[in-house]
Structures are given as C-alpha cells and as structure tokens.
Asks: 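Got a structure for you, questions after.
All residue numbers refer to positions in the sequence shown, counting from 1.
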Amino acid sequence: MKKLLIIRSVSFQQLDKNIITIQEKYKDYNINLLTHEHGVKLAEKYKMIDKIHIYPYKGSFKFKNKVKELADEEFDLVIIPVTNITGAGFLNVLLYSLTLKTKKRVICNVVSDFKEISKTKIMLMGLQNIAMSFLSFILTGIFSIFIILFMPFKLKSLREED
C-alpha cells in the first residue's frame with residue numbers, strides 16, 4: 001500500500017477540514033502524520049491516521065532539524081497543509097520537506113486545493129528569500145546612511161523655524 005505523510009504545519013481546526021479531503025483523494029494510501037510532541041494527543045482523534053510521528057524539536061520546522069525516526073522511511077507523497085491560498089509564509093516547512101524521502105510533495109491550501117511542488121521550485125523559493133533579505137539589508141543600510149547624514153540638517157532647520 002502507498003504511504004503519505006502530512007506535515008502538520010497548521011492548526012488542528014484547519015487540519016480537521018483538510019484531512020477529510022485528503023482521505024477522499026488518497027483512498028489507497030496509509031496516512032502518517034508528523035506533529036510536534038504537544039500535538040500528539042489531539043492527533044490521536046483522527047482514526048484514519050495509521051501512524052503519528054513526533055517532531056522532537058521545539059519551535060518551527062527547520063531544514064537542519066531532521067527526524068531520525070523518518071531517516072529510513074520512504075513516502076509516496078508528502079502533504080504540506082498551509083493556512084492561505086498560495087502557501088506563502090511556509091518556506092520553512094517546504095524546506096524541511098526536502099529532508100524526507102518522497103516521490104512527490106503537495107501543498108494543501110486552506111480550501112483543500114492540492115498543488116504539486118517540485119524540489120527545484122522549493123529551492124528557488126529559498127534562493128529568492130535569501131536574495132530579498134540581502135536586498136532589504138542593503139537598502140536599509142543606504143537609507144540609514146542618508147538619514148544619519150541629512151537628519152541633523154533637517155532638525156536644525158526645523159528648530160530655526162520656531
């Protein structure tokens with residue numbers, strides 16, 4: 001039987017809605033769930049889940065935090081639920097999914113639409129994020145220099161008007 005893994009990156013209220021659609025769409029799959037330790041008890045209510053895996057780290061999912069229990073596991077599908085339409089803001093979970101052995105990755109959005117996402121697309125999103133952070137850093141530096149150099153003159157002219 002095929003295996004799928006859901007990385008629980010959303011609230012259980014949203015997962016309640018998504019999991020019904022996931023179960024209908026992937027009838028011939030064993031469903032596994034990866035959740036933080038504090039979510040295990042709530043996850044146990046889902047009768048359709050065959051196995052619950054614990055993400056043993058505090059905080060959000062990170063690429064560097066591999067789960068030893070899943071190191072030798074291979075999944076046919078990994079599903080990443082997101083709380084919006086596009087998946088924006090879930091780059092950390094998408095990057096984490098790259099640590100898992102799987103044939104396919106799918107984003108399941110807030111309205112339970114499914115969209116396949118490739119390794120390449122995830123890595124490009126990561127590079128874009130790095131580039132935007134670097135650009136923000138450079139522009140902040142430029143504006144800071146401008147403000148530091150010209151603000152005293154502007155403040156002096158405002159003071160003289162009083």
Side-chain angles (χ1 to χ4, degrees), residues 1-23 25-26 29-141 143-144:
M1 185 165 249
K2 295 179 180 179
K3 288 187 346 183
L4 74 78
L5 175 71
I6 301 169
I7 301 174
R8 191 189 72 81
S9 52
V10 295
S11 69
F12 278 101
Q13 291 84 357
Q14 181 179 331
L15 190 59
D16 288 345
K17 296 173 186 172
N18 291 146
I19 203 156
I20 293 166
T21 308
I22 291 168
Q23 185 182 23
K25 185 170 176 76
Y26 301 102
Y29 284 75
N30 282 336
I31 300 175
N32 292 260
L33 180 74
L34 176 64
T35 187
H36 289 80
E37 193 170 5
H38 62 268
V40 171
K41 286 288 180 207
L42 290 169
E44 288 173 347
K45 73 180 177 181
Y46 300 116
K47 302 298 179 211
M48 70 285 288
I49 292 179
D50 295 299
K51 188 168 184 184
I52 298 171
H53 302 276
I54 297 172
Y55 183 73
Y57 304 97
K58 303 281 184 219
S60 60
F61 290 97
K62 293 180 181 159
F63 180 78
K64 68 177 185 169
N65 293 345
K66 296 171 178 63
V67 177
K68 291 175 187 168
E69 177 185 350
L70 298 176
D72 296 326
E73 292 268 353
E74 193 163 329
F75 298 96
D76 295 287
L77 175 65
V78 169
I79 297 178
I80 302 119
V82 296
T83 57
N84 52 38
I85 298 295
T86 63
F90 286 83
L91 180 60
N92 64 313
V93 186
L94 293 170
L95 288 170
Y96 172 76
S97 77
L98 296 176
T99 69
L100 302 168
K101 295 176 188 169
T102 184
K103 296 174 184 160
K104 192 161 92 166
R105 288 166 186 78
V106 172
I107 292 175
C108 177
N109 69 18
V110 70
V111 292
S112 295
D113 289 333
F114 297 89
K115 179 180 159 195
E116 188 173 345
I117 187 160
S118 68
K119 280 183 175 183
T120 306
K121 172 97 175 173
I122 294 170
M123 287 188 273
L124 287 173
M125 289 170 68
L127 288 174
Q128 181 182 20
N129 188 50
I130 291 168
M132 292 304 288
S133 296
F134 181 72
L135 182 62
S136 297
F137 176 76
I138 295 298
L139 289 175
T140 300
F143 287 127
S144 296

Asks: Heavy-atom count around K66 NZ within 6.0 Å, excluding the residue itself: above 12?
Replies: yes

Asks: If we only count heavy atoms from C-beta on, is the I52 to N32 side-chain gap below 4.5 Å?
Replies: no

Asks: Do the rings of H38 and H36 sit parallel, tilted or perpendicular, given the 30° and 60° boundaries?
Replies: parallel

Asks: Please name all residues satisfying ring-ring contact (aromatic ring centres under 6.0 Å, His included) with F90, sequence neighbours left out, ordered by chain then number.
Replies: none

Asks: What is the ring orientation for Y96 with Y55, classed by angle as parallel under 30°, tilted 30 to 60°, or perpendicular over 60°?
Replies: perpendicular

Asks: I want to check something: taking the side chain as every heavy atom from C-beta on, are F114 and N109 in contact at a cut-off of under 4.5 Å?
Replies: no

Asks: Which is it for Y46 and I31 under the side chain to side chain contact (heavy atoms under 4.5 Å, CB included) test, yes or no, and what are the steps along the way?
Replies: CA-CA 10 Å; Y46 300 116; I31 300 175; over 6 Å; no

Asks: Please report the closest heavy-atom contact between P81 and S9, naming both atoms and the distance.
Replies: O-OG, 2.6 Å

Asks: Taking the side chain as every heavy atom from C-beta outward, state whether V106 and L77 have any atom pair closer than 4.5 Å.
Replies: yes

Asks: Could you grab the distance from atom OG1 of T102 to atom NZ of K119, nearest 0.5 Å is fine?
Replies: 9.0 Å

Asks: If you take all heavy atoms of S97 and I122, which pair is closest and at what distance?
Replies: OG-CD1, 3.9 Å

Asks: Sequence neighbours excluded, which residues qualify as ring-ring contact (aromatic ring centres under 6.0 Å, His included) partners of F63?
Replies: none

Asks: Does F61 reach the side chain of N65, with side-chain heavy atoms less than 4.5 Å apart?
Replies: no

Asks: Is there a side chain to side chain contact (heavy atoms under 4.5 Å, CB included) between I117 and M125 once you walk through the steps?
Replies: CA-CA 11 Å; I117 187 160; M125 289 170 68; 3.9 Å; yes

Asks: Do the non-hydrogen side-chain atoms of I19 and I6 ever get within less than 4.5 Å of each other?
Replies: yes

Asks: Once rounded to the nearest 0.5 Å, what's the spacing between atom CG of N30 and atom NZ of K3?
Replies: 8.0 Å

Asks: Minimum heavy-atom separation for Q14 and V110, please, with both atom names.
Replies: NE2-CA, 3.6 Å

Asks: Any side-chain heavy atom of V111 within less than 4.5 Å of one from I85?
Replies: yes

Asks: Around M132, counting heavy atoms of other residues, nucleotides and ligands shown, do more than 12 lie under 6.0 Å from its CE?
Replies: no

Asks: Please indicate whether E44 has more than 12 foreign heavy atoms, meaning atoms of other residues, nucleotides or ligands, lying under 6.0 Å from its CD.
Replies: yes

Asks: Once you round to the nearest 0.5 Å, how far does OG of S118 lie from NZ of K104?
Replies: 12.5 Å

Asks: Might you point out which heavy atoms bring V93 and I80 nearest each other, and give the distance in Å?
Replies: CG1-CG2, 3.5 Å

Asks: Using the rule given for side chain to side chain contact (heavy atoms under 4.5 Å, CB included), can you reason through D16 versus K45, listing the C-alpha separation, both sets of side-chain angles and the distance that settles it, and then say yes or no?
Replies: CA-CA 10 Å; D16 288 345; K45 73 180 177 181; 3.1 Å; yes

Asks: Looking at R105, K2, K103, which hits salt bridge (charged side-chain N to carboxylate O under 4.0 Å, His left out) with D76?
Replies: K103

Asks: Any idea which heavy atoms bring E69 and I54 closest together, and the distance?
Replies: OE1-N, 4.0 Å

Asks: Check whether any side-chain heavy atom of Y26 lies under 4.5 Å from a side-chain heavy atom of I79, and answer yes or no.
Replies: yes

Asks: Keeping N18 on the side-chain end and I22 on the backbone end, is there a donor-acceptor pair under 3.5 Å?
Replies: no

Asks: If you take all heavy atoms of K101 and A71, which pair is closest and at what distance?
Replies: NZ-O, 3.1 Å

Asks: Between CD of Q128 and NZ of K121, what distance do you get to the nearest 0.5 Å?
Replies: 8.5 Å

Asks: Can you tell me if K41 has over 12 outside heavy atoms packed within less than 6.0 Å of its NZ?
Replies: no

Asks: Does any non-hydrogen side-chain atom of L70 lie less than 4.5 Å from one of L5?
Replies: yes

Asks: Nearest 0.5 Å please: distance from the CD1 atom of I7 over to the CG atom of L34.
Replies: 6.0 Å

Asks: In Å and rounded to the nearest 0.5 Å, what is the CE to CG distance from M48 to L33?
Replies: 11.0 Å

Asks: Look at atom CG of D113 and say whether more than 12 heavy atoms of other residues, nucleotides or ligands are closer to it than 6.0 Å.
Replies: yes

